[in-house]
Amino acid sequence: MSENVVHLHKHTDTPAAVDTAPTVLTVVPDAPPARPVPLWVRSGRAVKTAVTHERTKSAGRAVVRHGLYTFNGGRIAARRAWDGRTGSRYERMIRAAEAAGNLEAAEEWEERLQRFRAARHHRRMDLLHSPVDAAKGVAVGAGMSVGVLVALGVVLAISTGQAGDVVTPLTATIDFIALLIRIVQVVWGPAVTIGPFLALLALWSVGRKQHAAPAWALPANVRSGEGEPITPSIVVKALRDLGVPALARAIKEMGDAGASMLGPITIAGCGVEVDVTLPSGVSTNEVQSKRRKLAENLTRHEHEVFITIPQAARTVRLWIADSGALDEPIGPSPLVTDETVTADYKKGKAPWGQDLRGDAAALSLYQRHLLITGLSNQGKTVALRSLALWLSLDKSVQFLMGDLKGVGDWAMFDGLATTLIQGPTDEHVIQVTEMVESAVDEMNRRIQAPPGTQFPPLIVLVDEAQVAFMCPAKDEDKRPYGGSKANSRYFMAVRKIHNQGRAVNVLMWQGTQDPTNENLPKLVREGAHTRASLALGTESQARMALGDKAVDGGAAPNLLRPGLDRGTLVVASDGITIPAGQSSITVRTHYIDDDAATAITDRAKALRDGVTTLHALDRGEEHDPLADIAAVIGDATRVRTKDVLARLTTRNPSAYGEWSFIDLKRVLDDAGAEPYKSDGVMVVSRDRVARALTNRDTEGSASAK
């Protein structure tokens, strides 16, 4: 009997009654003891645990797998036997050729079928006469054998002188036959017992080699398909199970001969490539829209299968990567490994990376405006910078650069670019806008030059251009710097360069994030000759980045994996070699870090006389022409007069935009720093300008005294 717990309760109404209130004893019994769990409940839990245990599941899968190996192995062996005895194989080939529209192949297979049937008829007719011929052969053979044995016995009897030896060979032969019969009698029993098991083992082996079991019952290494080579049967099964009814019916009618849809499977870089001619009634976009399912059917990830449309009608081209190959980095850039690499703006191509086939991907930059888009932190700046690094090795190329991120990604171009503005604020956007407008003025000056005049390339580069398009600032005339209206200053300056800059080698390069109509207007997108995109979020963004033609042709930057496919670009341009019939190419770009980029720009600076980089444009009214001339000359010993004029225009467009050689010569002559000829061209001396400034400052100080 369990003990009880006694609780004391004092009923009190007021504090004074605390000591006088009666005490009430309340007896509360203990809680009843926990009832034991019935045996049948514990047994059920044990059974449930055993059933759901991984070892139980593995054992169950093994039983199903090996049972189906034997059953389906029998089906495969029976079908092979049926194909060998009948003309079904030829009939499937004929249907496949007819479905593919290849009448010549259909006629050839029909001839083979007729020859097979004729040979089979001949064999069957021979079987009708074979019993009689066999009996005659046995009789003749037996008679000849007995005669030979008797003759051998006669010779033996003459040799030994014993008449009984005449039958010795015949007796020995009979004894040997009796021995064979006894051996068969001994072996026959075990053979009859073991034979069926050997037959089942053979069928099991056939089924195991063909993986003739459901995917869920196969071993983990077979289910994963890691490293599984791509064969015609695998491709045909993947297409059959794609969920396109017309395609599945056509392949079913073809049987195993559905492989006739496939062209040769060729090695292409870190994968294979195959052209698939679709049967009538199946369109290419039905296959394109099921890229993920096709990849999974091929035991690949979605990013490891690319579908493009070649020139041949009703054909899709599949590029299938080796498992995990695209996750391996490519080698370093030739700009880093080879210090002798040079650039040629007009005839050369920038080494940008590798295509999916593993071939070098090089891009021509000659007279092509450039646009690179993608989500943040996907390698856009590095991809854009690698092109500028290569082009910097051509000493004739000039740069105007605006980095609206402002974290130092372009700092190595200080001393190489004529203008370098870095920062994300509205003030930086204003300066970048005025920089682009100064390039427009330079473009107009070049356009008005005499026909046939050659101009050095001028690259106007703006990284994070979406900051400029979305800038809310306005000038004193209430004109917005950002936006996409007719009075938007940055937008209109870019449009003008897109319209006419190419003819005089003034080119616009832009890098921008996450393309939308708000941060990348349509007219600006369509003005770029080379359009490239890293990973994007949606197909609509992919169309904005690359255009409808490229996306309809198979370009899909929205299917790249953010973070994992960093540095992988889908490029639409006539400046890069694209396989015939395709509208784009996927490029895995080389990664050049900041230290390597600095080393490359140091080599580029060594090729030049010295460039003074402006970090802010002078927009004030007051200016000192002689001091400005000294500033744009920088550390160079001498600079050509036309280069001095171009740098002055960039430094202060409002003050020097209309200057000519006469204006420059007048200022220098008045200061005593006259230009002179060197190697047949007019140049301005740094020392003369510096001496003139010193003398002027000295004279000014003396006058003040």
Side-chain angles (χ1 to χ4, degrees), residues 226-227 229-230 266-273 300-301 303-306 308 319-345 347-365 370 372 374 377-394 409-410 412-413 511 530 532-535 555 557 559-573 575-579 582 584-604:
E226 292 293 336
I230 299 299
T266 58
I267 296 176
C270 56
V272 296
E273 191 174 70
R300 295 294 190 272
H301 297 291
H303 72 278
E304 294 176 329
V305 174
F306 287 81
T308 54
W319 185 86
I320 307 163
D322 298 335
S323 294
L326 295 184
D327 296 328
E328 298 293 331
I330 64 174
S333 170
L335 297 177
V336 177
T337 59
D338 187 358
E339 295 185 358
T340 64
V341 171
T342 59
D344 187 337
Y345 162 74
K347 299 179 181 179
K349 289 188 175 183
W352 211 7
Q354 294 179 359
D355 62 15
L356 295 178
R357 301 173 65 93
D359 299 329
L363 180 67
S364 173
L365 303 173
L370 176 67
I372 298 181
N377 197 31
Q378 298 304 309
K380 169 178 53 60
T381 296
V382 173
L384 183 61
R385 189 176 67 183
S386 65
L387 298 178
L389 288 171
W390 175 80
L391 200 56
S392 70
L393 298 175
D394 184 340
D409 289 336
W410 298 89
M412 66 286 301
F413 281 86
T530 296
S533 177
L534 295 113
L559 297 181
L560 295 174
R561 302 168 297 168
L564 297 177
D565 290 326
R566 185 180 290 113
T568 299
L569 286 162
V570 181
V571 185
S573 172
I576 193 170
T577 302
I578 296 178
Q582 297 180 201
S584 65
I585 186 172
T586 301
V587 177
R588 304 174 69 197
T589 58
H590 296 295
Y591 176 73
I592 303 177
D593 60 25
D594 291 349
D595 294 337
T598 301
I600 296 170
T601 52
D602 289 342
R603 300 205 311 261

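Basis for what follows: all heavy atoms, side chains included, without hydrogens, waters or symmetry-related copies. All values derive from a computational prediction rather than experimental measurement.
A distance of 4.5 Å separates CD1 of Ile600 from CD1 of Ile592, quoted to the nearest 0.5 Å.
Shortest non-hydrogen contact noted between Gly567 and Leu534 is N-CD2, 3.7 Å.
Under the rule for a side-chain hydrogen bond (donor to acceptor under 3.5 Å, both in side chains), the partners of Thr340 that lie at least two apart in sequence or sit in another chain are Asp338. Under the rule for a side-chain contact (heavy atoms from CB on, under 4.5 Å), the partners of Ala268 that lie at least two apart in sequence or sit in another chain are Glu273, Trp319, Arg357. Contacts of Tyr591 classified as ring pair (Phe, Tyr, Trp, His ring centres under 6.0 Å), with partners at least two apart in sequence or in another chain: none. Not counting sequence neighbours, Asn377 has no partner by the side-chain hydrogen bond (donor to acceptor under 3.5 Å, both in side chains) test. A search for salt bridge (Lys or Arg N to Asp or Glu O under 4.0 Å) contacts involving Glu304 returns nothing, not counting sequence neighbours. Partners of Phe306 by ring pair (Phe, Tyr, Trp, His ring centres under 6.0 Å), not counting sequence neighbours: none found. By the side-chain contact (heavy atoms from CB on, under 4.5 Å) test, Ala350 is found to be paired with Leu365, Leu387, Trp390, residues two or more places apart in sequence or in another chain being considered. Residues satisfying the side-chain hydrogen bond (donor to acceptor under 3.5 Å, both in side chains) criterion with Arg561, sequence neighbours excluded, are His303, Asp327, Asp565. Applying the side-chain hydrogen bond (donor to acceptor under 3.5 Å, both in side chains) criterion to Asp355, with sequence neighbours excluded, gives no partner residue. Annotation: ring pair (Phe, Tyr, Trp, His ring centres under 6.0 Å) contacts of Trp352 (sequence neighbours excluded): none. Partners of Pro562 by side-chain contact (heavy atoms from CB on, under 4.5 Å), not counting sequence neighbours, listed by chain and number: Leu375, Gln378, Ala535.
Shown here is Ile267, whose CD1 atom has no more than 12 heavy atoms of other residues, nucleotides or ligands within 6.0 Å.
Sequence neighbours left out, the pairs with a member in residues 584-599 that pass salt bridge (charged side-chain N to carboxylate O under 4.0 Å, His left out) are Arg385-Asp594.
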